[in-house]
Enquirer: 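Got a structure for you, questions after.
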Amino acid sequence: MIQRPRGTRDFGPAEMHRRRKAEEAMREVCHRFGFGEVMTPTFEQSELFTLRSGQAVVDEMYVFKDKGGRDMALRPEITASVIRFFVNEMSNLPKPLKLYYVGNCFRYENPQSGRYREFFQLGAELIGNDNPETDAEVISLAVHCLRAAGLEDFHVRIGHIGVMKSLVLSEVQDPAIAGNVLRMIDKEDFDAMGDMFDANALSRNLFERITTLADVRGGKEVLDSVDDAKVQEHLRDLFEILKLHGVEDVELDLGIVRGLDYYSGMVFEIDAPRLGAEKQVMGGGSYTLSELFGGEPVFSTGFAIGIDRVMLALEAEKELPEYAPIDAFVVPTEDAMRKYAFAILSKLRSKGIRADVDLMRRSMSKSLKYASSVGARYAVIVGKEEMAKRVVTLRNMESGEQTQVPADFAAGELAKSLERM
RNA sequence: GCCGGGGUGGGGUAAUGGUAUCCUUGGGGACUGUGGAUCCCUUGACCCGGGUUCGAUUCCCGGUCCCGGCCCCA
């Protein structure tokens with residue numbers, strides 16, 4: 001037997017139905033916000049990702065040499081591809097440019113709850129600016145996507161890299177050490193950071209200011225504790241505009257640092273508290289990447305939603321409705337009626353009814369049983385009597401109620417009945 | 001990369017050093033112009049490899065996969 005690769009999943013019809021519904025709801029929101037969909041290759045030159053995220057990510061990527069000896073990688077994320085696309089072909093389009101994408105990504109990591117080797121992201125990038133109204137637009141889009149997917153219990157945290165970065169860089173000259181400090185802030189490992197401060201003779205005063213800042217958490221009332229006047233104003237505007245977007249329940253969290261270096265300004269994360277260790281369903285922020293790929297420097301703000309985690313969170317939140325793939329099952333009463341049944345079937349399908357018919361040459365009672373077990377709402381019984389009268393018998397599978405309707409109008413009658421259900 | 005818990009038909013289970021129970025599902029039949037019922041027949045499983053043993057699904061080791069956690073998380 002051939003096993004599915006570790007960390008990958010198969011999705012059956014019922015699950016795909018739920019996933020597509022959530023995905024389509026989020027897509028629709030993206031369009032409503034004026035974002036256009038893009039699609040980029042599933043694999044890219046490895047360099048695209050190492051440029052953005054550093055050489056270390058190679059360990060966690062699916063990398064391979066193609067037959068021409070080129071270093072390739074299955075994409076571990078999609079932002080880099082979108083920006084590459086932008087630099088290559090879209091840099092002259094009017095700004096702001098609003099793009100979104102949905103796709104599978106690959107990371108060679110150890111699977112656990114909410115973490116797979118192939119996973120799915122829906123993300124958006126707004127290219128052109130880094131002002132508060134841009135940030136608000138992007139955060140609002142993320143929040144509205146999650147709401148549209150049906151998620152209710154989630155928690156938005158907004159931070160700003162600039163504050164912590166400028167604080168650290170003001171006293172730490174060595175960029176390697178500064179990077180480590182930022183990393184420790186992100187992990188909230190202040191013990192290790194203390195040791196490091198001692199080892200590098202960094203000031204205790206800086207340490208205090210960092211820990212104080214990292215603790216800043218709360219509603220907009222804590223904005224006052226942001227030293228940097230420019231950042232404070234930026235965040236104040238952002239919170240105000242978010243409110244006008246209908247996004248109010250957000251927390252300021254200056255402890256968000258997001259390890260990697262390319263984020264420059266606002267950063268934000270969304271958690272679904274009902275999930276386990278991997279509870280972050282979305283991450284994003286503003287950054288400049290275009291220069292890195294050989295373009296003009298342009299600010300962008302973006303995010304990526306982990307669709308798999310959203311699905312897990314939805315399951316944790318509520319019973320999901322059952323999936324009924326079929327509206328009507330056409331049942332011939334005897335073998336002589338089978339051909340006629342196809343004619344009826346075809347008519348129903350052409351009118352948009354999700355209809356099916358017995359293909360196993362089963363008896364009438366077995367067919368009804370089958371119709372019942374696949375959750376068909378109606379059985380459409382066709383027999384000699386019906387044919388003679390140019391009618392069909394509609395049997396409501398839930399109530400057992402039966403009515404005869406003219407064969408030509410069966411589709412319309414069904415549609416009406418289905419609407420009522 | 002590391003740690004813990006697991007792996008028996010498609011799904012869910014029981015037992016066992018001598019190849020396996022029950023339920024469900026699937027297929028067929030009885031009935032047959034009305035189903036979720038009943039009865040009958042039937043397909044189908046011990047994760048893989050090695051070791052111990054006369055014999056391993058069972059005990060031991062390794063691997064693999066699943067579940068959860070650490071690390072990491074673009």
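Just the heavy atoms: all of them, side chains too, but no hydrogens, waters or symmetry mates, feed the values below. This is a predicted model, so every value here is computed, not measured. In the text below, chain A, chain B and the rest are named by the order of the sequence lines, each starting its count at 1.
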Enquirer: Taking the P atom of each, how far is B:C39 from B:C22, in whole Å?
Expert: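 It works out to 15 Å between them.
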
Enquirer: Which is true for A:R107 with a 4.0 Å heavy-atom rule: it touches a base, it touches only sugar-phosphate, or it touches nothing?
Expert: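 A:R107: base contact, heavy atoms under 4.0 Å.
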
Enquirer: If I pick the P atom on B:U21 and the same atom on B:C60, what distance separates them, to the nearest angstrom?
Expert: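 The answer is 25 Å between these two P atoms.
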
Enquirer: Considering only distance and modelled atom types, tabulate donor-acceptor pairs under 3.5 Å from the side chains of residues 371-387 of chain A, sequence neighbours left out.
Expert:
from   : atom 1 : to     : atom 2 : distance (Å)
A:S373 : OG     : A:Y370 : O      : 2.9
A:E386 : OE1    : A:G383 : N      : 3.1
A:E386 : OE2    : A:T393 : OG1    : 2.6

Enquirer: Look up atom CZ in A:R32 and atom SG in A:C30, then write down how far apart they are to the nearest 0.5 Å.
Expert: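 So the gap between those two atoms works out to 10.0 Å.
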
Enquirer: Nearest to the side chain of A:M360, heavy atoms from C-beta on, is which of B:G27, B:G69, B:U34?
Expert: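 Ranking B:G27, B:G69, B:U34 by closest atom to the A:M360 side chain puts B:G27 first.
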
Enquirer: How far apart are the closest heavy atoms of A:G219 and A:L252, and which atoms are they?
Expert: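 Heavy atoms of A:G219 and A:L252 come nearest at O-CB, 4.3 Å.
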
Enquirer: Counting only side-chain nitrogens and oxygens, does A:R362 get under 4.0 Å of the OP1 or OP2 atom of B:G28?
Expert: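 For A:R362, the contact criterion (side-chain N or O under 4.0 Å from OP1 or OP2 of B:G28) is met.
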
Enquirer: If you assign each of A:P76 and A:T393 to its closest nucleotide in RNA chain B, which residue comes earlier from the 5' end?
Expert: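 That would be A:T393.
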
Enquirer: Starting from C1' on B:G36, measure out to CZ on A:R395 and report it in whole angstrom.
Expert: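 From A:R395 CZ to B:G36 C1': 10 Å.
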
Enquirer: In whole Å, measure the gap between the P atoms of B:C67 and B:U57 for me.
Expert: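 To the nearest whole Å, 27 Å.
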
Enquirer: Honestly, is A:R27 close enough over A:Y100, meaning NZ or CZ under 6.0 Å from the six-membered ring centre and within 45° of the axis?
Expert: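 A:R27 over A:Y100 ring: no.
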
Enquirer: Scan residues 72-81 of chain A for pairs that pass salt bridge (Lys or Arg N to Asp or Glu O under 4.0 Å), counting only residues two or more places apart or in two chains.
Expert: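 Checked against salt bridge (Lys or Arg N to Asp or Glu O under 4.0 Å) - neighbours excluded - the pairs reaching residues 72-81 of chain A are A:R52-A:E77.
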
Enquirer: Who is the Watson-Crick or G-U wobble partner of B:G1, with both distances under 3.5 Å?
Expert: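 For B:G1, the partner nucleotide comes out as B:C70, under the 3.5 Å rule.
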
Enquirer: Please pick, from B:A74, B:G35, B:C31, the nucleotide with the shortest atom-to-atom distance to any side-chain atom of A:S372.
Expert: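 Of B:A74, B:G35, B:C31, B:G35 is nearest to the side chain of A:S372.
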
Enquirer: Can you tell me if OH on A:Y340 sees more than 12 non-hydrogen neighbours from other groups inside 6.0 Å?
Expert: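 Yes.
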
Enquirer: Evaluate the side-chain proximity of A:L93 to A:I127: yes if any heavy-atom separation is below 4.5 Å, no if none is.
Expert: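 A:I127 does not reach A:L93 side chain to side chain.
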
Enquirer: Would you indicate what A:G7 reaches in the nucleic acid, counting non-hydrogen atoms under 4.0 angstrom: base, sugar-phosphate, or nothing?
Expert: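 The answer is sugar-phosphate, as A:G7 gets under 4.0 Å only of primed atoms, P, OP1 or OP2.
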
Enquirer: How about A:D135 and A:H234: does a side-chain donor come under 3.5 Å of a side-chain acceptor?
Expert: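 Short answer, yes.
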
Enquirer: Does A:E386 reach a base, just sugar-phosphate, or nothing at all? Heavy atoms under 4.0 Å.
Expert: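 Base: the residue A:E386, judged by heavy atoms under 4.0 Å, touches a nucleobase.
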
Enquirer: When the P atoms of B:A74 and B:U24 are considered, how many whole Å apart are they?
Expert: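 Straight-line distance between the two P atoms is 50 Å.
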
Enquirer: Within 45° of the axis and under 6.0 Å from the centre of the six-membered ring of A:F120, does NZ or CZ of A:R19 qualify?
Expert: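 Yes, A:R19 lies over the aromatic ring of A:F120.
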
Enquirer: In this structure, how many angstroms lie between the P atom of B:G36 and the NZ atom of A:K366, rounded?
Expert: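 Distance check: A:K366 NZ to B:G36 P gives 11 Å.
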
Enquirer: When you measure from the side-chain N and O atoms of A:S113 to the phosphate of B:G68, is any distance below 4.0 Å, counting only OP1 and OP2?
Expert: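 Yes, A:S113 has a side-chain N/O under 4.0 Å of OP1/OP2 on B:G68.
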
Enquirer: By the 4.0 Å heavy-atom rule, please label A:Q402 as base, sugar-phosphate, or nothing.
Expert: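 Here A:Q402 touches the bases of the nucleic acid.
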
Enquirer: Under 4.0 Å, heavy atoms only, any strand: does A:A277 hit a base, just the sugar-phosphate, or nothing?
Expert: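 Sugar-phosphate contact only - A:A277 comes under 4.0 Å of backbone atoms but never of a base.
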
Enquirer: What interatomic distance, in whole Å, is found between P of B:G11 and the corresponding atom of B:G50?
Expert: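 Straight-line distance between the two P atoms is 26 Å.
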
Enquirer: To the nearest angstrom, how far is A:D59 atom CG from B:C72 atom P?
Expert: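 Value for this atom pair: 14 Å.
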
Enquirer: In whole angstroms, how far is the C1' atom of B:C73 from the CG atom of A:L275?
Expert: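 Checked: the CG to C1' distance equals 15 Å.
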
Enquirer: Does A:R6 place a side-chain N or O at less than 4.0 Å from the phosphate oxygens OP1/OP2 of B:C66?
Expert: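 Looking at the OP1 and OP2 atoms of B:C66, one of them is under 4.0 Å from a side-chain N or O of A:R6.
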
Enquirer: Return the value, rounded to whole Å, for the distance between atom CZ of A:F120 and atom C1' of B:A74.
Expert: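 Checked: the CZ to C1' distance equals 18 Å.
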
Enquirer: If you measure from the P atom in B:C41 to the same atom in B:G51, how many Å do you get, rounded?
Expert: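 These two P atoms come out 42 Å apart once rounded.
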
Enquirer: Here's a test of your reading of the structure: between A:R115 and A:P5, which maps to the more 5' nucleotide of RNA chain B?
Expert: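 This one resolves to A:P5.
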
Enquirer: Can you tell me the distance, in whole Å, between the CZ atom of A:R9 and the C1' atom of B:C67?
Expert: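 To the nearest whole Å, that distance equals 14 Å.
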
Enquirer: B:A74 P sits how many Å from A:E125 CD, rounded?
Expert: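 Rounding to the nearest Å, CD of A:E125 and P of B:A74 are 14 Å apart.
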
Enquirer: Applying a 3.5 Å limit to both distances, which nucleotide forms a Watson-Crick or G-U wobble pair with B:C59?
Expert: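 The answer is B:G51, by the H-bond criterion.
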
Enquirer: Taking all non-hydrogen atoms of both residues, which atom of A:I241 and which atom of A:A136 are closest, and how far apart?
Expert: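 Shortest heavy-atom separation between A:I241 and A:A136 comes out as CG2-CB, 3.6 Å.
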
Enquirer: In whole Å, measure the gap between the P atoms of B:G18 and B:C59 for me.
Expert: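 Those two atoms are separated by 12 Å.
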
Enquirer: How does protein contact run along nucleotides 37-50 of chain B, one letter per nucleotide 5' to 3', with B for base contact, S for sugar-phosphate only, - for none, heavy atoms under 4.0 Å?
Expert: --------------

Enquirer: Could you tell me how far B:U16 sits from B:G7 if I compare only their P atoms? Round to whole Å.
Expert: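 It comes out at 14 Å once rounded to the nearest Å.
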
Enquirer: Report which part of the nucleic acid A:G276 touches: base, sugar-phosphate, or nothing (heavy-atom distance under 4.0 Å, all strands).
Expert: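 Sugar-phosphate: the residue A:G276, judged by heavy atoms under 4.0 Å, touches backbone atoms but no base.
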
Enquirer: Whether A:Q112 contacts B:C70 is assessed here as follows: a side-chain N or O lying under 4.0 Å from the phosphate OP1 or OP2. Is that the case?
Expert: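 A:Q112 to B:C70 OP1/OP2: side-chain N or O found under 4.0 Å.
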
Enquirer: Could you tell me how far apart A:M282 (CE) and B:C73 (C1') are, to the nearest whole angstrom?
Expert: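 It is 14 Å, rounded to the nearest whole Å.
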
